[in-house]
Amino acid sequence: MSGRLEVADLGDGDLSHDVVEAAQQLLGWRLSTTFNGVPTEVVIVETEAYRGEDDPASHAYRGRTERNAAMYDGPGTLYVYRSYGVHWCANVVTGPAGEASAVLLRGGVPLAGVERMQERRGRVDHLADGPGKLCAALGITGEHDGTSLRHGPVRLLPRRTAEPIELEATTRIGITRAADRLWRFVARGIDGSSLAPT
DNA sequence: CACCTGATTGCCT
DNA sequence: GGCAATCAGGTGA
């Protein structure tokens with residue numbers, strides 16, 4: 001479904017508010033890892049909101065399981081799951097605490113450590129333009145599930161610019177239940193060239 | 001560029 | 001046992 005254009009609130013970095021709002025505000029934020037002394041970083045340009053046990057498309061829809069336990073750990077937790085038995089996908093858990101809501105990080109634009117990402121991906125382009133690719137580029141795996149995005153090995157960093165971000169809201173990708181909600185958000189006009197690498 | 005398909009494995013019914 | 005919050009490579013317009 002085609003979407004509608006909006007402008008994201010800048011937000012305050014507080015992940016405890018509603019997951020749909022958080023999904024929009026996370027656009028322009030950065031995700032970084034440093035393994036073996038080599039930093040890699042992307043700017044987030046595509047997200048999807050999954051609203052806890054109320055959302056038929058959420059992994060938490062049928063309550064807590066071993067896989068989705070990190071979703072119940074509260075805002076700022078990283079939830080990583082395996083998709084289609086092959087890929088890792090990363091989520092930012094949001095509030096309210098215990099609601100088990102999370103924002104799936106569906107795409108990023110490389111900002112730093114591009115050579116390392118190219119090694120991990122085994123190619124030079126399309127490094128992080130998909131949820132599985134984003135994790136592969138940053139070296140995020142299931143061993144990072146449940147870690148803190150503020151203090152852990154995978155860090156969420158505030159956006160650098162105060163410019164409002166223009167975004168498109170569309171239906172979520174690859175799901176069958178609750179497929180009509182416009183809870184996918186794609187940032188427009190971010191290509192990484194205007195943001196200096198760390 | 002749009003659409004189609006095989007690969008691959010863990011999770012839940 | 002069926003399905004899934006995907007990816008990459010192929011085909012054809």
Side-chain angles (χ1 to χ4, degrees), chain A residues 1-3 15 18-27 29 31 40 42 44-73 75-95 99-110 114 116-147 149 154 156 167-188 191:
Chain A
M1 170 183 273
S2 69
L15 297 171
D18 183 80
V19 65
V20 176
E21 192 178 338
Q24 299 174 62
Q25 296 189 359
L26 281 171
L27 295 174
W29 282 57
L31 197 66
T40 50
V42 303
I44 298 164
V45 298
E46 182 178 346
T47 61
E48 277 177 1
Y50 288 88
R51 188 182 269 157
E53 300 183 353
D54 294 333
D55 180 0
S58 168
H59 285 172
Y61 183 52
R62 292 178 178 81
R64 182 175 184 139
T65 65
E66 188 173 349
R67 176 179 65 158
N68 67 23
M71 299 180 80
Y72 290 82
D73 284 350
T77 302
L78 176 66
Y79 166 48
V80 181
Y81 70 93
R82 198 186 274 285
S83 176
Y84 290 87
V86 184
H87 313 285
W88 296 107
C89 294
N91 296 252
V92 176
V93 177
T94 70
E99 186 183 79
S101 289
V103 176
L104 171 65
L105 304 180
R106 284 197 59 91
V109 172
V114 174
R116 186 73 190 92
M117 296 192 210
Q118 290 175 336
E119 288 174 12
R120 288 175 177 144
R121 295 276 292 115
R123 55 187 298 163
V124 299
D125 58 352
H126 294 281
L127 297 178
D129 56 344
K133 301 183 218 180
L134 186 152
C135 281
L138 292 173
I140 297 170
T141 70
E143 73 178 288
H144 306 119
D145 180 45
T147 59
L149 284 162
V154 181
L156 187 61
L167 63 91
E168 183 177 13
T170 78
T171 53
R172 294 176 290 183
I173 303 293
I175 58 165
T176 54
R177 298 185 295 261
D180 57 323
R181 304 182 187 185
L182 298 178
W183 284 359
R184 170 175 175 254
F185 304 102
V186 184
R188 296 184 165 270
D191 60 9

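Here is the naming used below: chain letters follow the sequence lines, and residue numbers restart at 1 for every chain.
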Next item on the list: Indicate, with a heavy-atom threshold strictly under 4.0 Å, whether His126(A) touches base, sugar-phosphate, or nothing.
Entry: nothing

Notebook entry, point to check: Could you state the CZ-P distance from Arg67(A) to dC3(C), rounded to the nearest angstrom?
Noted result: 16 Å

Check: Which whole-number value in Å describes the distance from Arg64(A) CZ to dC11(B) P?
Finding: 15 Å

Checklist line | Rounded interatomic separation in angstrom, taking CZ from Arg62(A) and P from dC3(C) | finding: 13 Å

Check: Could you state the CZ-C1' distance from Arg82(A) to dA7(B), rounded to the nearest angstrom?
Finding: 13 Å

Next item on the list: To the nearest 0.5 angstrom, please state how far the CG atom of Asp55(A) sits from the OH atom of Tyr61(A).
Entry: 9.0 Å

Next item on the list: Find the distance Tyr61(A):OH to dA4(C):P and express it as a whole number of Å.
Entry: 14 Å

Next item on the list: Report yes or no: do Thr170(A) and Arg184(A) form a side-chain donor-acceptor pair below 3.5 Å?
Entry: yes

Note to self: Looking at every non-hydrogen atom in both residues, tell me the closest pair between Arg64(A) and Ala69(A) and how far apart they are.
What the structure shows: NH2-CB, 4.0 Å

Item checked: Nucleotide opposite dA5(C) in a Watson-Crick or G-U pair, distances under 3.5 Å -> none

Next item on the list: Name the nucleic acid region contacted by Leu104(A), choosing base, sugar-phosphate or nothing; use a 4.0 angstrom heavy-atom cut-off, strictly under.
Entry: base

Notebook entry, point to check: Under 6.0 Å between the ring centres of His59(A) and Tyr81(A)?
Noted result: yes

Margin query: Is it the case that dA5(C) (base atoms only) and Tyr84(A) (side chain only) share a donor and an acceptor within less than 3.5 Å, ignoring hydrogens and angles?
Written below: no

Item checked: Ring centroids of Tyr81(A) and dA5(C) base under 5.5 Å with planes under 30° -> no

Item checked: Closest-nucleotide 5' rank along DNA chain C - winner of Arg123(A) and Ser58(A) -> Ser58(A)

Note to self: Classify Arg121(A) by what it touches in the nucleic acid, base, sugar-phosphate, or nothing, heavy-atom distance under 4.0 Å.
What the structure shows: sugar-phosphate

Notebook entry, point to check: Is the Lys NZ or Arg CZ of Arg106(A) less than 6.0 Å from the centre of Phe185(A)'s six-membered ring, within 45° of the axis?
Noted result: no

Next item on the list: Identify whether any heavy atom of Arg172(A) sits under 4.0 Å from a base atom; if not, whether one sits that close to sugar-phosphate; answer base, sugar-phosphate or nothing.
Entry: nothing

Notebook entry, point to check: Side-chain N or O of Thr65(A) less than 4.0 angstrom from OP1 or OP2 on dC12(B)?
Noted result: yes

Notebook entry, point to check: When the distance from CG of Leu105(A) to P of dT6(C) is rounded to whole Å, what number comes out?
Noted result: 13 Å

Checklist line | Nearest-nucleotide pick for Thr176(A), side chain only, options being dA8(C), dA4(C), dA5(C) | finding: dA4(C)

Notebook entry, point to check: Taking CH2 from Trp88(A) and C1' from dC7(C), how many angstroms apart are they, rounded to a whole number?
Noted result: 16 Å

Item checked: Atom pair distance, as rounded to whole Å: NE2 in His87(A) and C1' in dT8(B) -> 9 Å

